[in-house]
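Since the structure comes first, as structure tokens, the remarks are kept for the end.
Keep in mind that what you see is a predicted model, and the values were worked out from it rather than measured. Residue numbers start from 1 in every chain, and the chains themselves are labelled A, B, ... in the order their sequence lines are given, proteins ahead of strands.
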Amino acid sequence: MSRSNTILNHDFYRKDVLEIARELPGKCLVRQVDGQLCRYGITDVEAYRGEEDQASHARRGRTPRTRVMYHEGGILYVYLVYGMHWMLNIVTGPQGHPQALLIRGLSTIQGPGRLTKALGIDRSFNAEDLTHSQRIWIEEVNGESPGQIITRPRVGIDYAGKEWREKPWRFILKNG
DNA sequence: AGACTGATTGGCT
DNA sequence: GCCAATCAGTCTT
């Protein structure tokens, strides 16, 4: 069975974050370092959607940090949390609507802080364009059937009100 | 200018 | 289960 990979383009990323959240697990995050390609299966993501989402950084509107979330989908949002961990997010959706997907797990690495450390992701990746970058992008493995996705509430957002805390916007690849 | 907080992790009780 | 590490971003004064 022939199998080839396709780099995800603009059309994929500009859809709504909740649609992409169901499609991203099972896809392949590719990191190029010194000409060497490293591929990781995406297994766990969390969606943050709009200024109305009280769990999202964009709940306080457009700030220097959240500016990239308002960009059209297809670029990265990378920020430091707890003074020590970089978080890797994919900006999605149309321009002007702040959305992002936190990459929470890869097939070989569990935990959003551990995976950025393993891949060498830092502040310099903020606003990186996934459709043109030579050092990071995402591929679809053609001919591969997506696995089963389960949903859970998002992690680490107790400060958000009940409505937003309980939304099942974490999407996990079963057997991932 | 100062205070508070957090989309985490690992170590200890 | 609890808690320290550690600091940029954001809010308050």
Practice task
Would you kindly check if the NZ (Lys) or CZ (Arg) of A:Arg65 is within the cone defined by 45 degrees around the ring axis of A:Tyr79 and under 6.0 Å from the six-membered ring centre?
Solution key: yes
When you measure from the side-chain N and O atoms of [X] to the phosphate of [N], is any distance below 4.0 Å, counting only OP1 and OP2?
X        : N      : result
A:Arg60  : C:dC11 : yes
A:Arg123 : C:dG9  : yes
A:His85  : B:dA7  : no
A:Arg104 : B:dT8  : yes
A:Thr63  : C:dG9  : no
A:Arg65  : C:dA8  : no

Interatomic distance where [atom1] belongs to [X] and [atom2] belongs to [N] [whole Å]:
X        : N      : atom1 : atom2 : value
A:Trp86  : C:dG9  : CH2   : P     : 8 Å
A:Arg165 : B:dG6  : CZ    : P     : 13 Å
A:His57  : B:dT5  : NE2   : P     : 15 Å
A:Asn126 : B:dA7  : CG    : P     : 16 Å
A:Tyr82  : B:dT9  : OH    : P     : 10 Å
A:Ile90  : B:dA7  : CD1   : P     : 18 Å
A:Lys117 : C:dT6  : NZ    : P     : 13 Å
A:Leu115 : B:dG10 : CG    : P     : 12 Å

Handout entry: Residues A:Glu52, A:Arg59: salt bridge by 4.0 Å N-O rule
Key = no
Problem - Ion pair A:Glu128/A:Arg135, N-O distance below 4.0 Å - result: yes
Have a look at [X] and say if it touches a base, only the backbone sugar-phosphate, or nothing, with a 4.0 Å heavy-atom cut-off.
X        : answer
A:Arg154 : nothing
A:Met87  : sugar-phosphate
A:Ala100 : nothing

Practice task
Determine the Euclidean distance between corresponding P atoms of C:dA5 and B:dT13; express it in Å to zero decimal places.
Solution key: 14 Å
Handout entry: Separation of the P atoms in B:dG2 and C:dT6, to the nearest angstrom
Key = 22 Å
Between [options], which nucleotide has the shortest distance from any of its atoms to the side chain of [X]?
X        : options              : answer
A:Ser56  : B:dA7, B:dT8, C:dC7  : B:dA7
A:Arg114 : C:dA8, B:dT8, B:dG10 : B:dG10
A:Met84  : C:dA8, C:dT10, C:dA5 : C:dA5

Problem - Exam field: side chain A:Ser107 to backbone A:Tyr40, donor-acceptor pair closer than 3.5 Å - result: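 Looks like no, no N/O pair under 3.5 Å.
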Exercise for the section: Can you tell me which stems DNA chain C forms, taking runs of 3 or more consecutive Watson-Crick or G-U pairs with both distances under 3.5 Å? Expected result: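 Output for stems: B:1-6 with C:7-12, B:8-12 with C:1-5.
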Practice task
Could you tell me whether the side-chain ring of A:Tyr48 sits stacked on the base of B:dA7, using a centroid cut-off under 5.5 Å and a plane angle under 30°?
Solution key: yes
Problem - Derivation and outcome, side chain to side chain contact (heavy atoms under 4.5 Å, CB included), residues A:Leu119 and A:Ile109 - result: CA-CA 10 Å; A:Leu119 272 60; A:Ile109 315 165; 3.9 Å; yes
Practice task
Step by step, work out the side chain to side chain contact (heavy atoms under 4.5 Å, CB included) result for A:Ile121 and A:Ile136.
Solution key: CA-CA 10 Å; A:Ile121 304 292; A:Ile136 189 169; 3.9 Å; yes
Exercise for the section: Consider only side-chain N and O atoms of A:Asn5 and A:Glu140, and report whether a donor and an acceptor are under 3.5 Å apart. Expected result: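 Per modelled atom types, A:Asn5 and A:Glu140 side chains form no pair under 3.5 Å.
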Practice task
Return yes if a side-chain donor-acceptor contact under 3.5 Å exists between A:Glu51 and A:Tyr70, otherwise no.
Solution key: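 Per modelled atom types, A:Glu51 and A:Tyr70 side chains form a pair under 3.5 Å.
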Handout entry: Pair of N/O donor and acceptor under 3.5 Å linking C:dA8 base with A:Tyr79 side chain
Key = no
Handout entry: Cluster link A:Leu106 to A:Ile90, ILVMFWY, side chain under 4.5 Å
Key =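 The answer is yes; both residues are in one hydrophobic cluster.
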